[in-house]
Amino acid sequence: MKSLLRTSTILLAMAPALVSALEIIAHRGASADAPENTLEAMELAWEQKSDAAELDLWQSKDGRLIVFHDNDTKRFETEKRKIKDLTLEEVRKLDVGSFKDPKFAGTRVPSLESILAIIPDSKREVLEIKDGPEIIPELVRVLKKSGVPKEKYCVISFNEATLRASKKALPDIPHYFLMGYKKDAKTGEFPELEPLITLAKEAGFEGLNLHSDWPITPEFTAKVKAAGLKLMVWTVDDAALAQKLVDSGVDAITTNKPAWLREQLKK
Ligand code: G3P
Ligand code: CA
């Protein structure tokens, strides 16, 4: 009886840890409720008790960092301009709020510094680099100057060369390789897990960040973990799918609706 009581006590004590072991990442901030990649979306992500918030990064024509998703301005103005052809000053003139809702009219592209400054204790920002390796020196400069502790951010990218360059410049920071799940245009084949694991291990990345279309099962996750890698998944706004991923043992789920998803997972 005594040992049964002790086991139950241990299990009860572990329960919150098991629940919180899943990292819920707000995709482009809490982007279902606020304009993506803005300070408002990041503030809302923290209000909604996200464990982390994701953002996208480009480098401007004059070498500065831009927190922005698309490679052009089409969604935000009638003229369509390549984001990399603009200076930071030009980017800062864009209204990145109205497309979401008139109540957000006049919202500006934030600086990375302003976002780093509001990361709560024990939370982290997920920095997705959309650009090529040439962005890394400026990113390192801004991160170092901000003085933000290394536990408060990690780096992700679809661009292998960029992620390798970033890992080399920031060896103590976790890096996760992003990969979609689309048939290769030449071979007609879907990507496979094993070569990705090999690549991540060889490059010294801490894990993979995969699109939710990947056939993720407990066995799939076990293979990633057996290699000593973390498994993150994007972008999931579907409660049943999120539960399936949790049951498969993924480490993190990126969602546009962090507060809603956490509620769904408690049910
Ligand atoms: O977190 C990964 C995810 O953001 C990648 O897709 O297009 O939303 O940047 P995208
Ligand atoms: Ca992103």
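Computed over heavy atoms, backbone and side chain alike; hydrogens, waters and symmetry mates excluded. Just follow the structure's listing: the first ligand is 1, and inside any ligand the first atom is 1.
At a cut-off of 3.5 Å, with distance as the only test, a side-chain donor of E219 or T217 sits close to an acceptor on the other residue. Between the side chains of N209 and E128, no donor-acceptor pair of N or O atoms lies under 3.5 Å.
Using the six-membered ring where Trp is involved, F190 and Y181 have ring planes that are parallel, under 30° apart on the 30 and 60° scheme. Ring geometry, F205 versus H175: the interplanar angle falls under 30°, so the pair is classed parallel (tilted spans 30 to 60°).
For ligand 1, the polar-atom distance check against E54 finds a nitrogen or oxygen pair separated by under 3.5 Å. Ligand 1 has a nitrogen or oxygen under 3.5 angstrom from a nitrogen or oxygen of H27. For the pair H69 and ligand 1, the shortest N or O to N or O distance falls below 3.5 Å. Between N209 and ligand 1, no N or O atom pair is found at a separation short of 3.5 Å.
Between the side chain of W58 and the backbone N or O of D70 there is at least one donor-acceptor pair closer than 3.5 Å.
At a heavy-atom distance under 4.0 Å, only side-chain atoms of D56, from C-beta outward, approach ligand 1.
Of the protein's non-hydrogen atoms, E128 OE1, 3.4 Å is the one closest to atom 5 (C) of ligand 1.
Centred on the Ca ion (ligand 2), the OE2 atom of E54 and the OE1 atom of E128 lie at an angle of 90°, reported to 10°.
Legend: residues meeting side chain to side chain contact (heavy atoms under 4.5 Å, CB included) with A45, ordered by chain and number and at least two apart, are A26, A30, S50, A53.
Between K84 and Q59, the shortest heavy-atom contact is NZ-O, 3.4 Å.
Within ligand 1, the atoms closer than 4.0 Å to a non-hydrogen atom of R28 are 7 (O), 8 (O), 10 (P), numbered from 1 in the order shown.
The closest approach between any non-hydrogen atom of I25 and ligand 1 is not below 4.0 Å.
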